[in-house]
Each structure stands twice: as C-alpha cells, then as structure tokens.
Amino acid sequence: MTDRLTTRIGTLTLPNPVICGSGEPVMTESGIRAALNAGAAGAIAKSVNENPAGGQQLDRADYAWLGDSLFNRSGLSQRDTAAWFAAIAAIDRDAAREQKFVAASIVYGSAEGAIAIASMARSAGLRVFELNVGAPHASEATPGAIVQETDPVRLRDLVANVRAVTQDMQLWVKLTGLSSNLPALALAAKEGGADSVCMMGRFMALVPDLDTLAPLLGTSAAYGGGWALPIVCRFLALSRKAVGSDFPLMGTNGVRGGHDAARMALAGASAVEMLSLVMHEGFAGLTRSIAELDAFLAERRLTFAELIGRAADALTPYGAQPETPGRWKDFVPPETLTKV
Ligand SMILES: Cc1cc2nc3c(=O)[nH]c(=O)nc-3n(C[C@H](O)[C@H](O)[C@H](O)COP(=O)(O)O)c2cc1C
C-alpha cells in the first residue's frame, strides 16, 4: 500500500483513514494492539466516564445481531482511569513510530468530569482526546451518568473548557445521531476549539420480539447498521457546508467495508471510525476494509484525499433538477395506471 491512503486530521498525518472506533473490542490493551496490527491508523480506546454508574452499567450490557445491524445497550470501562490512560499511552508511544495513534475517550456525565478526565489524559502523555457528547444510551442510563449535548451554545462552552486543558493535544468531538441539528453542533464544536468532529452516534430503538411478544433485550437500546450510512453521509455533507471544507470531519455509523469508507469520504469525511464490523467479523475486518479502499482508489488512479467532499460539493437542490413528467409511473404497480 502507498501514500494513496494518507489522510490528515488536524496536526496528525495518518497512513490511512480507517480508525477502530471506541467500544468493547478496544476495552483491553490486547484489543487495541490487535486493531493497530490489523492495519488501523488508530484506535479510540473504550470510553471512560467520571461517574462510577457509567462503568456499573457495563454489567447490565447486552447485545443482539439483526443481520449486520447491532442492537445493544452498552456500558463504560470499569478500569481505574489513571491506570487505563497510562496503559494506552504506552501503546500510543509505540503507535507513533508508525504514524498511528491511540486516543483516550470519554462519554461524559458533566462538564467538570469531562475537564478532569481530559486533564488526566494529557498528564498521561496521550496525544488525542475524543469527547463523546452524544452517546445514545443517555436517556436510559442512570440519571446523571451520561449527558447528550444537543445545544450548540452549551456545546461551544464545553468544548472551549476542555480545549483549555487539552492544550496541544488533538481534541475530537463525537456528536449524537439523535439530533437534526448536527451542522450547528459541528460548527459549535469547531468554534469551541475542536480539531475535528466525528458524526454521528447510533440511534435509539425498540425491537418487539415476535417469540416473546416483549421488547428484545428488555429495553430500548442503541441500533446501527449499514443502512445508517446514507443518513450519516447527508449530515456530513451539510456539516461540511457549515464548518468549511478545510475543517476535518470524521464519519461513523454504518461503515462495513472499504467502499463504505469511500462513500463517507465522498460525503466529507477525512477518516472513518468503525466498530460493529470488528464485533461481527473480528479485527481482520479492518484489514479487509483498508485493502478494499486501496483497490478502489488504485483502479481509479485516485488518492483518498481526492475523494474527500466530492459528492458533498456536488449536491444540488430539488429545484435544480431537470423536469421528468410521468417519471413517478415507473414506480407504481400497473393497476395504478389502468384506465377505467
Ligand atoms: C457495543 C458498542 C459499544 C460502544 N461503546 C462506545 C464507547 O464507549 N464510546 C464511544 O464513543 N462510542 C462507542 N460506541 C460507538 C462506536 O464507536 C461507533 O461510533 C458506532 O458503533 C457506529 O459505528 P459502527 O457502525 O461502525 O459500529 C459503541 C458502539 C457499540 C456497538
């Protein structure tokens, strides 16, 4: 593989745009090393939370596959935060030799908590901090354990406060999928001083089980799948307009291979965070995705950088489309068109 796949997020130049997203597969040092060994440019270590209730929730986590879509309630790392950050910082130092990284991540419960945890990440020597302000589980978790920020003014203040303590670290903000206000939130994160914004978190869902007639897993839970990708792509494109093409966005939610990574890039993502795929097919799924993306680019003599935002910048409004009267008739059953 060549420089074809190189991408930039803030001050980081990465060998490729495939990042292993935060979640259970990267809740251990061996999992993080496996993600990097599989070829990922980086891993977002499993998130911590400043409130013990976030970690306790992990003991009530449960998961169900619906095809390639994962329906689950999750929890947060139960490791002591200082020890966890020291462990992942050691892996990050090794990763840096290959231009890769390991990021600390928080699913936060309060601004004070986010600031305190960000300071700990910096003290540990980590180079990247991802602030997740949109974990889908907020509405169902113990009150106060997880906050979902959907107000741009509050988000800008939060990011500015975290920025102040992260200083020279890369600060990435991960946004919720449960708001239609993503362009304004992305802009607020940028104005608060974020180096990149990742979107968008999974959705909350209820799956009635026809065997038990009860809710699958007993609760509402987070839900994502390949079907989510076009929805994320639209928000990436709208957010790119809001923040400008020189501000790096990242895509997450629905990437199931290298072609999906290319789609996210065309919509405006400079990198993708993939997780469910790793739970479905193992870390080798990352290797497969990178190879597929590389082959796609090689065939078209393109670099990854040349994909970023191309489809987003070609978006046109409905009113600009050529008129095609009667086109709707191609999409209805014949009876609709029978003359009586
Ligand atoms: C089981 C599970 C646990 C997750 N835990 C976290 C987490 O701790 N922190 C976080 O920021 N995102 C977390 N996520 C979100 C993922 O990092 C990712 O953004 C999301 O699953 C969408 O991408 P995907 O379609 O590739 O899975 C989790 C997702 C799943 C499925």
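Keep in mind that this is a model prediction, so the values were computed, not measured. Counting convention: from 1, in listed order, for ligands and their atoms alike.
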* Check whether any N or O atom of S276, backbone or side chain, sits under 3.5 Å from an N or O atom of ligand 1, and answer yes or no. =>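 Looking only at distances, the answer is yes, because the N/O contact criterion of under 3.5 Å is met.
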* Going by distance only, is there an N or O of N72 that falls short of 3.5 Å from an N or O of ligand 1? ->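 No; every N/O pair is 3.5 Å or more apart.
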In ligand 1, which numbered atoms sit nearer than 4.0 Å to a non-hydrogen atom of [X]?
X    : value
M279 : 1 (C)
Y63  : 1 (C)
G23  : 3 (C), 4 (C), 5 (N)
K174 : 10 (C), 11 (O), 12 (N), 15 (C), 16 (C), 17 (O), 18 (C), 19 (O)
K46  : 3 (C), 4 (C), 5 (N), 6 (C), 7 (C), 8 (O)
G254 : 24 (P), 25 (O)

Starting from [atom], find the nearest protein heavy-atom neighbour and note its residue, name and distance.
atom                    : answer
atom 11 (O) of ligand 1 : N132 ND2, 2.7 Å
atom 18 (C) of ligand 1 : T252 OG1, 3.4 Å
atom 3 (C) of ligand 1  : E24 OE1, 3.0 Å
atom 30 (C) of ligand 1 : L275 CD2, 3.4 Å
atom 16 (C) of ligand 1 : S22 O, 3.3 Å

* To do: Indicate, with yes or no, if the rings of F101 and W172 have centres closer together than 6.0 Å.
  =>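 Here the rings of W172 and F101 have centres that are less than 6.0 Å from each other.
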* To do: Could you see which bit of R256 sits under 4.0 Å from ligand 1, with heavy atoms only: side chain, backbone, both or neither?
  =>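 Side chain only; the backbone of R256 stays clear of ligand 1.
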* Asked: Do the charged groups of D92 and K100 touch, with an N to O distance under 4.0 Å?
  ->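 No.
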* **Short N-O contact, D168 and R127, less than 4.0 angstrom** =>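 Looking at D168 and R127, the cut-off is not met.
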